[in-house]
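What follows is one structure encoded as structure tokens, with my remarks underneath.
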Amino acid sequence: MSDSKGNAGHGKKRLANPANWSAETGLVHGGTLRSQFAETSEALFLTQGYVYDSPEQAEERFKTESGGFIYSRYANPTVAMFEDRMKLLEGAEAARATASGMAAVSASLMCFLKAGDHVVAARALFGSCLYVVQDLLPKFGVQSTLVDGRDIEAWKKAVRPNTKAFFFETPSNPCLDLVDIKAVSEIAHDAGALVVVDNVFATPMLQKPLQLGADVVVYSATKHIDGQGRVLGGIVLGSAKYVNDHLHPFYKHTGGAISPFNAWVMLKGLETLGIRVRAQTEAAGRIADHLAAQKAKGVTRVIYPGREDHPQRALAKRQMTGGSTLVSFEFAGGKEAAFRFLNGLAIIRLSNNLGDAKSLITHPATTTHQRLKPEVRAELGISDGLVRLSVGLEAPEDLIADIDHGIAALKV
Ligand SMILES: *Cc1c(COP(=O)(O)O)cnc(C)c1O
């Protein structure tokens, strides 16, 4: 393969192809589209429209929707860079970036479902995702069945002749339950249904749903992809056929496009996604281990997919390359103990957001899951003593010291 001068030429050619890059390289260079000024950093194209050289060119562009841009609700160069970088990372053929994670979730399902269809979804869903499946889709004649996502038999039993989609998150919010992507995808495909996975909690660094058999992946880019708590955004990734036949027409005509500014922030976020998620996951593992050693002090349960005592540890090892940046844990003393702990914290801030460089903690029973009936919360494992911690980029030692202060505040 190499010539007398070594294989530099060959190697350069190989590395010129983004398909040969490792994930970290793609996060920095993937999808970069340089203007005539050859800028180093991705350009921010804040423009609604585009001008044409001639009416002939305009006619051709409208006819083929290729060879250039038409209108930023359909596509925009900065948005295209974000989509291309994500496609490379996820191993997807096509993608559309959206105004928020919920615009991604709702578009991913509504673009191909129609009245008379049926959806099976895991019960442990992000609140707004639950609204889409349980309240919104039925208004348009799409029925849904909610199952315990951990139970393979439950997915099988829920299938009907008109089942067209399976939808779930793994790990789920806030109890970090896992769904076996490969096994559930096989059931869906036998039934002729598409599998849509909300991969926010795992991030594209720790889990690749498309490689495990899923058809569509959605993200709230608001979380780890921005990673610094600034802008909202989302993205849907899947096959070229799914995007061309279903997602693109829906996206283009219903207006869920991301702002080019937000797409630019996401592009810059992606550059550091790998190192951030690695550091945050490592810190989350240390914190989970520390919490697990505090049983005598009132921490009765620690849930972390990276720990050997996670009830689905074998599955976590099969489909994830890390335990995630989130840790949930429970206090024996219920809401009162949880609030005392939260009031005892100095660095970790109270917020329902996640995936941020800042460590954030929330009490799901009184915030994100307040709307649910107590018996539904109990079914989902969301007790009054449960808190969910999103681990940030602070020194892990400081976070552990902060947690110890919170635990010390449990004593009356
Ligand atoms: C935050 C979140 C969403 C919604 O994303 P937004 O950007 O807030 O619209 C959807 N799914 C999961 C799992 C999330 O954490």
Around Gln294, counting heavy atoms of other residues, nucleotides and ligands shown, do more than 12 lie under 6.0 Å from its CD? yes

Between the side chains of Arg123 and Asp148, is the shortest nitrogen-to-carboxylate-oxygen separation below 4.0 Å, so that they form an ion pair? no

Are Lys268 and Glu42 ion-paired here, with the side-chain N under 4.0 Å from a carboxylate O? yes

For Arg150, is there an ion pair with Asp180 - N to carboxylate O distance below 4.0 angstrom? no

Basic-acidic side-chain contact under 4.0 Å: Glu336, Arg340: yes

I'd like to know if Arg85 pairs up with Glu90 as an ion pair, taking the criterion as any Lys NZ or Arg NE/NH1/NH2 lying under 4.0 Å from an Asp or Glu carboxylate oxygen. no

Less than 4.0 angstrom from a charged side-chain N to a carboxylate O is my criterion; do Arg388 and Glu330 meet it? no

Neighbour count >12 (heavy atoms, 6.0 Å) for atom CD, Glu375: yes

Under-4.0 Å salt bridge between Asp117 and Lys114: yes

Which is it for Glu83 and Arg96 under the side chain to side chain contact (heavy atoms under 4.5 Å, CB included) test, yes or no, and what are the steps along the way? CA-CA 6 Å; Glu83 290 167 344; Arg96 288 294 177 274; 3.9 Å; yes

To the nearest 0.5 Å, atom NE2 of His253 lies from atom CZ of Arg73 at 8.0 Å

Salt bridge check: are Lys241 and Glu93 linked by an N-O gap of less than 4.0 Å? no

Answer yes or no: is there a donor N or O on one side and an acceptor on the other, between the side chain of Gln143 and the main chain of His118, under 3.5 Å? no

Run Leu354 and Phe201 through side chain to side chain contact (heavy atoms under 4.5 Å, CB included) and show every step you take. CA-CA 9 Å; Leu354 63 102; Phe201 273 45; 3.7 Å; yes

Closest non-hydrogen atom pair between Met205 and Leu273, with its separation: SD-CD2, 3.7 Å

Does the gap between the ring centers of Phe168 and Trp155 come in under 6.0 Å? yes

Derivation of the salt bridge (charged side-chain N to carboxylate O under 4.0 Å, His left out) call for Lys373 and Glu379: CA-CA 10 Å; Lys373 292 196 189 88; Glu379 212 177 284; over 6 Å; no

Could you tell me whether Arg371 atom CZ has more than 12 heavy atoms of other residues or ligands within 6.0 Å of it? no

Say you draw a straight line from NE2 of His310 to CG of Leu315; how long is it, rounded to the nearest 0.5 Å? 9.0 Å

Show your reasoning for whether side-chain hydrogen bond (donor to acceptor under 3.5 Å, both in side chains) applies to Arg276 and His224. CA-CA 8 Å; Arg276 281 187 287 108; His224 304 81; over 6 Å; no

Taking the side chain as everything from C-beta on, heavy atoms only, tell me whether Asp215 gets closer than 4.5 Å to Tyr242. no

Please test Val133 against Ser144 for side chain to side chain contact (heavy atoms under 4.5 Å, CB included), starting from the C-alpha separation and ending with a verdict. CA-CA 6 Å; Val133 170; Ser144 58; 3.6 Å; yes

Name all residues meeting the side chain to side chain donor-acceptor pair (under 3.5 Å) criterion together with Ser359; count only those two or more places apart in sequence or in a different chain, and write none if there are none. Glu394

Using ring centroids (six-membered ring only for Trp), state whether Phe341 and Phe331 fall under 6.0 Å. yes

